[in-house]
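Report on the following structure.
In the text below, chain A, chain B and the rest are named by the order of the sequence lines, each starting its count at 1.
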Amino acid sequence: MTKRPVVCILGPTGAGKTATSLGMAAKFPVRVINFDSRQVYSDFPVITAQPSPEERAVCPHELYGFLPSSEVLNAAGFVAMAEERIEAAAAAELPVLVGGTGMYLQSLTSGLAPIPDIPDEIRERIRKRAEEEGGPALYAELEKVDPDYCSRTHPNNRQRNARALEVYEATGKTFTWWHNREVPPSPYDFLKIGIMVDLDSLTPLLNLRIDKMIEAGAVEEARRAWEICPDENAPGWTGIGCNELLRHIRGEIDMDETRRLWARNTRAYAKRQLTWFKREKDIHWFAPEDHEKAVEFVGQWLADCGWAG
RNA sequence: GCCGAGGUAGCUCAGUCGGUAGAGCAGGGGACUGAAAAUCCCCGUGUCGGCAGUUCAAUUCUGUCCCUCGGCA
């Protein structure tokens, strides 16, 4: 039996992934599944550029705007939900993953080490230590048990060192040991379609998009979100634009400064995305204006794998 | 016009008791296995405003000119 085909549309923020996915929906019975770690938040539909209600009416859209700002969707949680949505799609439906969170997609396509959930008590204790003692302290401890991982992280990287340490404390096995375990291959056949825009062409578009978001009520959206979740450290508030707008609402920075920081951080993020995707060698890249070609390419691939949608 | 404070990296500024200079931000490159729009790493030659003087040596001291910002007229 052949594997079920799943199309992925990826690229930097603002490149036009949504438009491409809708182009695809015009040609095939598509079920769009989000793989963007920010578009999952219900409090920030505008700021995280979620597809509009009109766009979502075109075909089924999954995993958008369902999570409260106080919660995180981690990579494992994402994989579980995405697989569930793929399974829930009718046989005649084509699952199309759309998003920009490289790690989510990688976790889904290549699998994640089968590390059990870490008890909250251990998690919180180590995070607190990372905060108070700093990354190098955790790194020094890791060196004793998992020197292999130390060669792949950096003393200053608090977040990753804390993760490696919590896994060791909770399971008694090193992070590296878990990483080296066999992961069963994915039951799906993925086709990765990339929307390629170079940073210099993208920047003015990103700035324009920020203006549009502000026109569409981004400031109000942030105010409302603050009423629902008044915790600046909540996962939802760490998104780009969210925390700049929060500072503006508090009167710390004026609108020009807000716009400037928002634009700067968005651009830096787009660059990180491009760096991530650059190393994935199995992506088929298309310019944003080549929607048609991308759709055609997908059609050909579906025919090749005998898909009868 | 006079008095004062300045002119150093794309920007904001530090510094050199005389031996041609370095931070933050911006920018560039990279990493990435449960917070990933996160977290982190690497990359700094620039007539040190112009000209002249003193000196073995001036971005640094002196003179002068230009420009900016205050204050007084």
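- A:Asp36 comes within 4.0 angstrom of a nucleotide base, judged by non-hydrogen atoms across all strands.
- Across the protein-nucleic acid pair, A:Asp146 atom CG and B:U33 atom C1' stand 13 Å apart, rounded to whole Å.
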task = Go through the steps to decide whether A:Trp301 and A:Trp307 satisfy the test ring pair (Phe, Tyr, Trp, His ring centres under 6.0 Å), and finish with yes or no.
result = CA-CA 9 Å; A:Trp301 178 76; A:Trp307 186 71; 9.2 Å; no
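- Partners of A:Glu292 under the side-chain hydrogen bond (donor to acceptor under 3.5 Å, both in side chains) rule, at least two apart in sequence or in another chain, do not exist in this structure.
- Looking only at distances, a side-chain donor or acceptor of A:Gln39 sits under 3.5 Å from a matching main-chain atom of A:Thr48.
- Looking at heavy-atom distances under 4.0 Å, A:Ser107 makes no contact with the nucleic acid at all.
- A:Ile118 comes within contact range of no nucleotide atom at all, as no heavy-atom separation falls under 4.0 Å.
- Within the structure, salt bridge (charged side-chain N to carboxylate O under 4.0 Å, His left out) contacts touching residues 23-42 of chain A (residues at least two apart or in different chains) are A:Arg31-A:Glu62, A:Arg31-A:Glu93.
- Evaluation of atom-type donor-acceptor distances gives a pair under 3.5 Å for the side chain of A:Gln159 against the base of B:A38.
- Judged by distance alone, with hydrogens and angles left aside, the side-chain atoms of A:Asn161 form no donor-acceptor pair with the main-chain N or O of A:Leu142 at under 3.5 Å.
- At a threshold of 4.0 angstrom between heavy atoms, the contacts of A:Tyr104 are confined to the sugar-phosphate backbone, with no base atom among them.
- Consecutive Watson-Crick or G-U pairing (both distances under 3.5 Å) extending over three or more pairs maps onto RNA chain B as B:1-7 with B:66-72, B:10-13 with B:22-25, B:27-31 with B:39-43, B:49-53 with B:61-65.
- Side-chain nitrogen and oxygen atoms of A:Arg264 include none within less than 4.0 Å of the OP1 or OP2 phosphate oxygen of B:C25.
- As judged by a 4.0 angstrom heavy-atom cut-off over every strand, A:Thr48 is placed among the base-contacting residues.
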What nitrogen or oxygen pairs link the protein and nucleotides 28-31 of chain B at under 3.5 Å?
| from | atom 1 | to | atom 2 | distance (Å) |
| --- | --- | --- | --- | --- |
| B:G28 | OP1 | A:Arg267 | NH2 | 2.2 |
| B:G28 | OP2 | A:Arg267 | NH2 | 3.3 |
| B:G29 | OP2 | A:Lys271 | NZ | 3.4 |
| B:G29 | N7 | A:Lys271 | NZ | 3.2 |
| B:G30 | OP1 | A:Lys278 | NZ | 3.2 |
| B:G30 | OP2 | A:Lys278 | NZ | 2.9 |

Name each donor-acceptor pair under 3.5 Å that joins a side chain in residues 63-77 of chain A to protein atoms two or more places apart or in another chain, with its distance.
| from | atom 1 | to | atom 2 | distance (Å) |
| --- | --- | --- | --- | --- |
| A:Ser69 | OG | A:Asp43 | OD2 | 2.7 |
| A:Asn74 | OD1 | A:Ala76 | N | 3.1 |
| A:Asn74 | OD1 | A:Gly77 | N | 2.8 |

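- From A:Glu280, atom CD reaches atom NZ of A:Lys192 across 4.0 Å, with rounding to the nearest 0.5 Å.
- Going from atom CG of A:Asp256 over to atom P of B:C11 covers 20 Å, rounded to whole Å.
- Residues A:Ile253 make up the rest of the hydrophobic cluster containing A:Leu261, defined by ILVMFWY side-chain heavy atoms closer than 4.5 Å, directly or through other members.
- For A:Val72, whose side chain is taken as the heavy atoms from C-beta onward, the closest listed nucleotide among B:U39, B:G34, B:A35 is B:A35.
- Side-chain N/O atoms of A:Arg127 and base N/O atoms of B:A35 include a donor-acceptor pair closer than 3.5 Å.
- The nucleotide whose nearest atom lies closest to any side-chain atom of A:Leu112 is, among B:A35, B:G34, B:A38, B:G34.
- Atom pair A:Leu261:CG and B:C25:C1' shows a separation of 11 Å (rounding to whole Å applied).
- As judged by a 4.0 angstrom heavy-atom cut-off over every strand, A:His154 is placed among residues touching the sugar-phosphate backbone only.
- The phosphate of B:C41 has OP1 or OP2 within less than 4.0 Å of a side-chain N or O from A:Asn156.
- In this structure, A:His248 NE2 and A:Leu245 CG are separated by 8.0 Å, a value rounded to the nearest 0.5 Å.
- For the pair A:Glu244/A:Arg260, no side-chain contact is recorded, criterion being any heavy-atom separation below 4.5 Å from C-beta on.
- With its glycosidic angle more than 90° from 0, B:G10 is assigned anti.
- At the heavy-atom level, A:Ala76 lies under 4.0 Å from base atoms of the strands shown.
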